[in-house]
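Notes follow the structure.
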2 protein chains.
Amino acid sequence: MQVIRTLIVDDHAIVRTGVKMLLGKKEHIEVVGEAADGQEAIEKALSLQPDLIIMDLSMPPGKNGLEATRELKKSLPETHVLILTMHDDENDLFRVVQAGASGYILKNAIDSELFSAVDAVLRGQVYLYPSAAKSLVEDFLEGVKRGEDLSKYKLLSNREEEVLVFIAKGYSNKEIAEILHISVKTVETHKSKIMDKLDLQKKHELVAYAIKKGLLSLE
Amino acid sequence: MQVIRTLIVDDHAIVRTGVKMLLGKKEHIEVVGEAADGQEAIEKALSLQPDLIIMDLSMPPGKNGLEATRELKKSLPETHVLILTMHDDENDLFRVVQAGASGYILKNAIDSELFSAVDAVLRGQVYLYPSAAKSLVEDFLEGVKRGEDLSKYKLLSNREEEVLVFIAKGYSNKEIAEILHISVKTVETHKSKIMDKLDLQKKHELVAYAIKKGLLSLE
DNA sequence: AAAAAATATCAGGAATTCCCCTGATATTTC
DNA sequence: GAAATATCAGGGGAATTCCTGATATTTTTT
């Protein structure tokens, strides 16, 4: 059997080693490299040309797992990407699949599930843990039924996401206005559009959203 | 050599397995149990009576690693606790040491450091990674110099920490008041005392503090 | 045990800020 | 050329912030 050359991307060394050792149990898998952030992941992937990349979704500094995946799939469409994530979030699922990843598995998963996921991904299948698959199918069916209500999954604009992060971090409108060199009124507009687009009512829901998305990284 | 019976506490299964496999390399270490949160950690520790507990500092649901450590050291003072944490924070260091843990190591650490830490802790020493030890010594010396300025490291009261979490999560004063069944005025008082005690000026600093402390967990 | 400090609760008032509504314009993107 | 984006504004009511000040309970220190 062909040896699967694998790259592991996670910002925590011990987590990387853990995954590496887990995968090391399988003789047909060889870990050829590690990366600690999205940028490094892209560089290493280009030089190492791995068959499989296991990537953490939320990596604070700079490029996160999703952006890295999107970029990687452009240059290396044949490389399979398996996303490892902290939390089960339906919205992530869509983004991850759209970004071209072949699988989505929780860090909370049991070890055997990781192996199943790797196997499935290498066979060219898409692996999603059962409940994720269920919600994907449900949403797809719903979308078809009532004529493409995909608006919910539309992304925020760059500016809006930028503002969202500041809001979630607890910056006041005034502070954000100063930082971005725009008026408070503009900040308010962005905020209200964000709330609209994400269908949120309360600020704490917005914060929860940002946390889930891994936007509240620590610098 | 005596076999060291070890309990691993982390809310992510894959991280637990990773640490378990890392430790499994050493013949004198036996992982006798795992726990996913502070409460479970306490229960398992009491029934398993391990020699060493490797504990994640930030665990969302209910009891976090710090509280669990504090409680554990009461009932099992002989058990060594090695804290595994995401981020390097000087304040955590003090709390961790005060809570009775024997070591503090970053998840970002290299594997050999984990082994050094385990060895040191088992010999009854306190293990801190180099920069942590440095800041601890520096602060100690500073404290001695200008007559005990330990007030900065005083803990918030339970109620204050409770309120802090809600604030950081983006709840409004009114919402917090309703949730805790107290008046808005009381919430304001707590908030201002928190800002005073932590010497913070802006709300986003408070949020950053909460993030660092791992108080903004996702449910 | 008595005194002191910390904790948890609440209030009034004034200035500031936020929230929500409508509405506008220039640029970019599709 | 229509849609999305990014910018700004006015106005009014709600909420927050910042100040002082109060009281009862608990904890700690002397």
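Heavy atoms only: backbone and side chains are in, while hydrogens, waters and symmetry mates are out. Chain letters run A, B, ... following the sequence lines, proteins first, then strands; residues in each count from 1.
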Fill in the blank from the handout: With five pairs defining each end axis, the helix from dA1(C)-dT30(D) to dC30(C)-dG1(D) comes out bent, to 10°, by 70°
Problem - Among dT5(D), dC10(C), dT7(D), the nucleotide that comes nearest once only the side chain of Lys197(A) is considered - result: dT5(D)
Practice task
Examine dC10(C): is either OP1 or OP2 under 4.0 Å from a nitrogen or oxygen in the side chain of Ser183(B)? Give yes or no.
Solution key: yes
Practice task
Mind calculating the distance between CD1 (Ile194(A)) and C1' (dC20(C)) to the nearest angstrom?
Solution key: 15 Å
Practice task
Mind jotting down which residue pairs meet the ring pair (Phe, Tyr, Trp, His ring centres under 6.0 Å) criterion with at least one end in residues 167-192 of chain B? Sequence neighbours excluded, please.
Solution key: His204(A)-Tyr171(B), Phe166(B)-Tyr171(B)
Handout entry: Sidechain N-carboxylate O distance under 4.0 Å for Lys191(A), Glu188(A)
Key = no
Practice task
Check whether any side-chain nitrogen or oxygen of Thr186(A) sits under 4.0 Å from OP1 or OP2 of dC8(D), and answer yes or no.
Solution key: yes
Handout entry: Nearest-nucleotide pick for Ile182(B), side chain only, options being dA6(D), dA8(C), dC10(C)
Key = dC10(C)
Handout entry: Distance in angstrom units between Lys185(A) NZ and dC8(D) P, rounded
Key = 12 Å
Problem - For atom CG of Asp196(A) and atom P of dC19(C), their distance in whole Å - result: 14 Å
Problem - Residue-phosphate contact under 4.0 Å: His190(A) side-chain N/O, dT7(D) OP1/OP2 - result: yes
Problem - Euclidean distance, atom CZ of residue Arg159(B) to atom P of dT7(C) [Å, nearest integer] - result: 14 Å
Measure all distances between protein nitrogen or oxygen atoms and nitrogen or oxygen atoms of nucleotides 13-16 of chain D, and list the pairs falling under 3.5 Å.
unit_1, atom_1, unit_2, atom_2, d
dA15(D), OP1, Lys174(B), NZ, 3.0
dT16(D), OP1, Asn173(B), N, 2.8

Handout entry: Asn158(B) atom CG: more than 12 heavy-atom contacts under 6.0 Å
Key = no
